[in-house]
Amino acid sequence: MDEIKIYTDGACKGNPGTGGWGAILMAGRNEKELYGGELNTTNNRMELMAVIQALNALKRPCHILLHTDSQYVLKGITEWIAGWKAKGWKTASKSPVKNVDLWQALDQARAVHEIEWIWVRGHSGDVGNERADQLANRGVEVARAQS
């Protein structure tokens, strides 16, 4: 399996508001930048979208070191998702899981890969995270330009 480093980030101007997502995929000396945006979204949706888009860009199963500054994404995918699925996508309080469409898409996107989930502190000088943040903000601008 190829080893890929991925850095993802989401941004939102207002919450809800205009949002953007960004991702950098690195394999050896090769890099690919991805970004996009949406109107009337949330930061959490953009954090999830960054990961989903990055994973869906891969053409074959990979070993991935996935870096995110989102505790929501990290805890959701490593701790909470098994319980949500067992309860029919309900939380412990029997409420519907927020962003269930994206959690299901992420669950499907990750299925063929081996992923190490790595949390990085946002806006603390991590070069990959800073670049993903810049791409997410570019995604906000793309969404604004299309409105």
Side-chain angles (χ1 to χ4, degrees), residues 1-85 89 91-92 95 97-147:
M1 275 189 161
D2 294 334
E3 183 167 289
I4 310 287
K5 281 186 186 175
I6 298 176
Y7 287 85
T8 64
D9 201 15
C12 208
K13 306 305 177 191
N15 201 16
T18 304
W21 57 267
I24 303 163
L25 292 75
M26 296 181 256
R29 295 182 182 184
N30 298 317
E31 290 188 2
K32 183 171 187 155
E33 294 182 341
L34 304 170
Y35 60 91
E38 296 178 15
L39 300 174
N40 196 30
T41 190
T42 66
N43 189 64
N44 283 342
R45 288 188 67 81
M46 293 296 92
E47 293 282 0
L48 284 162
M49 187 62 79
V51 178
I52 293 163
Q53 293 292 337
L55 294 177
N56 285 341
L58 299 171
K59 302 201 180 335
R60 61 185 166 278
C62 297
H63 177 80
I64 300 165
L65 303 172
L66 198 144
H67 302 77
T68 178
D69 64 4
S70 171
Q71 288 286 334
Y72 176 68
V73 170
L74 184 70
K75 288 185 177 185
I77 201 67
T78 63
E79 297 176 26
W80 305 332
I81 197 166
W84 292 338
K85 288 168 70 174
W89 294 98
T91 65
S95 301
V97 171
K98 289 181 181 174
N99 304 313
V100 67
D101 57 329
L102 296 182
W103 284 113
Q104 290 171 337
L106 177 53
D107 193 37
Q108 184 174 359
R110 74 177 177 146
V112 299
H113 304 291
E114 293 176 3
I115 304 175
E116 292 181 46
W117 298 91
I118 302 163
W119 183 76
V120 295
R121 183 176 303 280
H123 309 288
S124 65
D126 183 290
V127 175
N129 178 257
E130 297 293 340
R131 287 182 59 200
D133 180 65
Q134 291 170 352
L135 291 169
N137 282 296
R138 192 179 303 169
V140 170
E141 296 307 317
V142 167
R144 284 181 173 159
Q146 293 173 344
S147 66

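Just so you know, residue 1 is the first one in the sequence shown, and it goes up from there. Values below: every heavy atom of this structure, side chains too, minus hydrogens, waters and symmetry copies.
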So, do [X] and [Y] sit near enough that their side-chain heavy atoms are less than 4.5 Å apart?
{"X": "T42", "Y": "K98", "value": "no"}
{"X": "I81", "Y": "W89", "value": "yes"}
{"X": "T8", "Y": "W21", "value": "no"}
{"X": "I64", "Y": "L58", "value": "yes"}
{"X": "N137", "Y": "K13", "value": "yes"}
{"X": "R45", "Y": "D101", "value": "yes"}
{"X": "L55", "Y": "L106", "value": "yes"}

Main-chain N/O of [Y] paired with [X] side-chain donor or acceptor, under 3.5 Å:
{"X": "E130", "Y": "G125", "value": "yes"}
{"X": "S95", "Y": "T91", "value": "no"}
{"X": "S124", "Y": "R121", "value": "yes"}

Approximate separation, where rounding is to 0.5 Å, of [X] [atom1] and [Y] [atom2]:
{"X": "W103", "Y": "N44", "atom1": "CH2", "atom2": "CG", "value": "8.0 Å"}
{"X": "D2", "Y": "K59", "atom1": "CG", "atom2": "NZ", "value": "12.5 Å"}
{"X": "I6", "Y": "T68", "atom1": "CD1", "atom2": "OG1", "value": "11.0 Å"}
{"X": "I115", "Y": "L66", "atom1": "CD1", "atom2": "CG", "value": "6.0 Å"}
{"X": "E31", "Y": "R131", "atom1": "CD", "atom2": "CZ", "value": "4.5 Å"}

*Give me the one residue out of E114, H63, E116 that meets side chain to side chain contact (heavy atoms under 4.5 Å, CB included) with E3.*
H63

For [X] and [Y], which heavy atoms make the closest approach, and how far apart are they?
{"X": "W119", "Y": "D69", "answer": "NE1-O, 3.2 Å"}
{"X": "A105", "Y": "I52", "answer": "CB-CD1, 3.9 Å"}
{"X": "H113", "Y": "R60", "answer": "CE1-O, 3.4 Å"}
{"X": "Q53", "Y": "L34", "answer": "O-CD1, 3.8 Å"}
{"X": "G128", "Y": "I24", "answer": "O-CD1, 3.7 Å"}
{"X": "A57", "Y": "L25", "answer": "CB-CD2, 4.3 Å"}

*Just do the side-chain hydrogen bond (donor to acceptor under 3.5 Å, both in side chains) check on N43 and Y72 with the steps written out, would you?*
CA-CA 10 Å; N43 189 64; Y72 176 68; over 6 Å; no

*Taking the inter-plane angle between the rings of H67 and Y7 on a 0 to 90° scale, is it parallel (under 30°), tilted (30 to 60°) or perpendicular (over 60°)?*
parallel

*Hey, mind stepping through L102 and M49 against side-chain contact (heavy atoms from CB on, under 4.5 Å) and telling me if it holds?*
CA-CA 7 Å; L102 296 182; M49 187 62 79; 3.9 Å; yes

*Considering only NZ, NE, NH1 and NH2 on the basic side and carboxylate oxygens on the acidic side, decide whether R138 and E141 come within less than 4.0 Å.*
no

*Give a yes or no on this: more than 12 heavy atoms of other residues, nucleotides or ligands lie within 6.0 Å of atom CD of Q71.*
yes

